[in-house]
Amino acid sequence: MSQENIRILVVEDEIKVASFVKLGLEENGYSCEIAYDGLMGKRMFDAENYDLIILDLNLPYKNGFELCREIRYTNQKIPIIMLTALGTTEDKLSGFDSGADDYLVKPFEFRELLARIRSLLKRIAIAETEDNVLKLLDLEVNLNTYEVNRGERRIDLTQKEFALLVYLLQNKGKVLSRADIAEKVWDINFDTGTNIIDVYVNFLRKKIDKDFTQKLIHTQTGVGYIIKA
Ligand code: CA
């Protein structure tokens, strides 16, 4: 995610604060939109895709706690930074309780806000990378980019081979029957008497195992296949 594609929603009714935040974010390469009250914030959140939300606590029509809770109802992942003029522990706790990730007391320095934003976005990026790469020994499958590598070597797979490999890896260490594979990868009933699974497992073996000493895909005679180190 490059910085200029990062969209931040600022929900803040104080025009001066909102403009100051927007200006600073844009100077730092972020794209930024402002909602001037809680209802408008909710509408914009529902209509658009944002990567992070900066949410004032005291807002007309719907306060920051309420809005934060509503956002969390449909989206648990988006980072939310709460802003408030009141710095009491109680507010801070309520903020976290309603689902905010971080908290900043007004008046704050812009660079402090920037540091919090960077840290939250980084945390998200790391979590997404970890979620989306399947690994076994030196084999790596990236579910975002569809890249498959074994050691230093890049491996090109067809769509079905890729789907089969992902299914095996998601169940690594577990024997999968041909019927399981047929149902999950091909969406067909294995009773149709096809050997398509064996054929594809062999295609896959040629690409990910053939030239390597350590084989990953193993046949469990009479049962099915298993991927393991
Ligand atoms: Ca306010």
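All values below come from the heavy atoms of this structure, side chains included, with hydrogens, waters and symmetry mates left out. For ligands, and for the atoms within them, numbers begin at 1 and follow the listed sequence.
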- Near the Ca ion (ligand 1) (protein N/O/S, cut-off 3.0 Å, waters excluded) we have Asp13 OD1, Asp56 OD2, Asn58 O
- Query: Quick check: does any side chain N or O of Arg72 sit under 3.5 Å from a backbone N or O of Asn75, one acting as donor and the other as acceptor?
  - Reply: yes
- Message: Taking Arg150 first and then Asp138, would you say they form a salt bridge - that is, a charged N and a carboxylate O separated by under 4.0 Å?
- Response: yes
- Message: Quick check: do Leu139 and Leu169 have side-chain heavy atoms less than 4.5 Å from each other?
- Response: yes
- Between Glu12 and Leu83, is any pair of side-chain heavy atoms under 4.5 Å apart? yes
- Ile217 and Ile226: same hydrophobic cluster, using ILVMFWY side-chain contacts below 4.5 Å? no
- Query: Is a donor on one side and an acceptor on the other found under 3.5 Å between the side chain of Asp180 and the backbone of Ser177?
  - Reply: yes
